[in-house]
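Below you'll find the structure I mean.
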Number of protein chains: 2
Amino acid sequence: MSDLAAALDIVGARWALLIVEQLLDGPQRYGDLQRNLGMGTNMLATRLRELEAAGVLYRLPLRHNTRAYALTPRGLALRATIDALGRWGENGSEHEASDEP
Amino acid sequence: MSDLAAALDIVGARWALLIVEQLLDGPQRYGDLQRNLGMGTNMLATRLRELEAAGVLYRLPLRHNTRAYALTPRGLALRATIDALGRWGENGSEHEASDEP
DNA sequence: AATCACACTTCCAAAATGGAAGTGCGGTGT
DNA sequence: ACACCGCACTTCCATTTTGGAAGTGTGATT
């Protein structure tokens, strides 16, 4: 399995990189993530569990039954990838059907 | 929609980035891609259609009924992202691993 | 005691994925 | 000429993933 395939196994799932992108701005709570991303709560819970198991993020306990999610060093290391993909996505409005590359 | 979300809309689908990674080594034919990637032929056909529509790759006609798939400039621009993700994936076996070299 | 915010879980329908087999076309061998 | 082959797909169907909506449990607040 190539390095790329190994990486995609972890952050290739839908919403995974968007969650990490949010957390690059600092730790956030479950409800905040859900509102900021507009994704269903079941998917969010599943992804957070997977990303925690993969060592990308961890649960940061706050008061009583509330907690925040924060990136581990391994999660922060995704900044380069996310920046690169984001820059690539910037130029997405320049597509037109042409027969020559 | 953020730049990252726009990018993921195109290359976030399963296999998409792996296909692009293959084509970074040069144009390949359908059968080669299938063998090199080990993916089902129906998915490959679907992804190639989507990536062509998105301007990431194009069909390069060869003799008779054969053709190769090659990256457009927009597809080649994914090299930075793929390299970054690949480098991130390299360090995936450090969960309970030994000491460093 | 009743209500509320928060962090989920459960249930079910819809969409994506994957394996296997089939299709069409042009070239090759006999 | 005619059977056969490789290539590039398409079709069919089972399995997995995703998504929306509603429900659960816990501790604080009124």
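Side-chain atoms are counted along with the backbone in the values below, which use heavy atoms only and exclude waters and symmetry mates. Here is the naming used below: chain letters follow the sequence lines, and residue numbers restart at 1 for every chain. These numbers come from a predicted model, not from an experiment.
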Legend entry - Check: B:Val56 main-chain N/O paired with B:Thr72 side-chain donor or acceptor under 3.5 Å: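 Confirmed, B:Thr72 side chain pairs with B:Val56 backbone.
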Inset, instruction - For A:Trp88 and B:Gly75, indicate whether the former's side chain and the latter's backbone hold a donor-acceptor pair under 3.5 Å. - result: no
Inset, instruction - Tell me whether the OP1 or OP2 atom of D:dA8 has a side-chain N or O from B:Arg59 closer than 4.0 Å. - result: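 For D:dA8, neither OP1 nor OP2 has a side-chain N or O of B:Arg59 closer than 4.0 Å.
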Inset, instruction - For nucleotides 25-30 of chain D, just jot down a letter per nucleotide in 5' to 3' order: B, S or -, based on protein non-hydrogen atoms under 4.0 Å. - result: BBSS--
Legend entry - Any pair counted as salt bridge (Lys or Arg N to Asp or Glu O under 4.0 Å), so long as it reaches residues 16-36 of chain A, sequence neighbours left out: A:Arg29-A:Asp32, A:Asp32-A:Arg35
Inset, instruction - Give a yes/no answer on whether the side chain of A:Arg49 brings an N or O atom under 4.0 Å of OP1 or OP2 in C:dT9. - result: yes
Inset, instruction - Please check the phosphate of D:dG19 (OP1 and OP2 only) for any side-chain N or O of A:Trp15 closer than 4.0 Å. - result: yes
Inset, instruction - Select base, sugar-phosphate, or nothing to describe what A:Arg63 touches, counting heavy atoms under 4.0 Å on all strands. - result: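 Answer is nothing: A:Arg63 stays at 4.0 Å or more from every strand.
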Legend entry - Phosphate-side-chain proximity, B:Tyr69 and D:dC9, N/O vs OP1/OP2 below 4.0 Å: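 Indeed, a polar side-chain atom of B:Tyr69 lies that close.
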Legend entry - The single option from B:Arg59, B:Arg67, B:Arg47 passing salt bridge (charged side-chain N to carboxylate O under 4.0 Å, His left out) against B:Glu52: B:Arg59
Inset, instruction - Would you check if there is a donor-acceptor pair between the side chains of B:Tyr30 and B:Thr66 at a distance under 3.5 Å? - result: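 Checked: B:Thr66/B:Tyr30 side chains show no N/O donor-acceptor pair below 3.5 Å.
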Inset, instruction - Inspect the contact between A:Arg87 and A:Glu90 and indicate whether a charged nitrogen and a carboxylate oxygen are less than 4.0 angstrom apart. - result: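 No, A:Glu90 and A:Arg87 are not salt-bridged.
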Legend entry - Nucleic acid contacts - residues 26-47 of chain B versus DNA chain D, non-hydrogen atoms under 4.0 Å: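 Those residues whose heavy atoms fall under 4.0 Å from DNA chain D, taken from residues 26-47 of chain B in numerical order, are B:Arg29, B:Tyr30, B:Gly31, B:Thr41, B:Asn42, B:Ala45.
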